[in-house]
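Along the sequence shown, residues are numbered consecutively beginning with 1.
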Amino acid sequence: ETVEILYVNAGDMQLFVYPNPTQTAIQVTVDNSFTPSFFVELFSVDGKLMQEIQHVQLPYSADVHRLLQGVYMVRMQSASQLQSGKLVKR
């Protein structure tokens, strides 16, 4: 079974979401100290908001064990940047 790390280059910021796929939780972090907090949102493939966490301090761990198996969109937003990526829940 292959485990991916979602890596998104957002200019001065590199965003990481792992493990992917997951069964219970994900970790969200960035590689710079200039991004103090985020909004994190998790959407189903049909666009339904499943989780929303505001003013997240990084690194952040999100519990996803109650989600059904499938593909989700993780969206992270700082004061100046917005990034999103795919999350597979098994």
Q27 side, atom CD; Y18 side, atom OH - distance, nearest 0.5 Å: 5.0 Å
Short question: side chain of K89, backbone of Q23 - any donor-acceptor pair under 3.5 Å? yes
Please collect all salt bridge (Lys or Arg N to Asp or Glu O under 4.0 Å) contacts where either partner lies in residues 71-80, sequence neighbours excluded, each pair once. E41-R75
Single-linkage hydrophobic cluster L67~V17, side-chain heavy atoms < 4.5 angstrom: yes
Considering all heavy atoms, the nearest M50-Y72 contact: CG-CE2, 4.1 Å
Linking I/L/V/M/F/W/Y whenever any side-chain heavy atoms sit under 4.5 Å apart, do V64 and L68 land together? yes
So, for A62 and Y60, which heavy atoms are closest and what is the spacing to 0.1 Å? CB-CE2, 3.5 Å
Under the side-chain contact (heavy atoms from CB on, under 4.5 Å) rule, what do K86 and V88 come out as? Steps first, then yes or no, please. CA-CA 7 Å; K86 179 178 78 170; V88 177; 4.3 Å; yes
Does T22 offer a backbone N or O that forms a donor-acceptor pair with the side chain of N20 under 3.5 Å? no
Give every residue pair that meets the salt bridge (Lys or Arg N to Asp or Glu O under 4.0 Å) criterion with at least one member in residues 42-53, sequence neighbours excluded. none
Going by the side-chain contact (heavy atoms from CB on, under 4.5 Å) test, name the single residue among I53, L49, L87 that passes it with L42. L87
Residue set satisfying side chain to side chain donor-acceptor pair (under 3.5 Å) with S61, at least two apart, ordered chain then number -> none
Would you find a donor on one side and an acceptor on the other, under 3.5 Å apart, between the side chain of Q51 and the backbone of V40? no
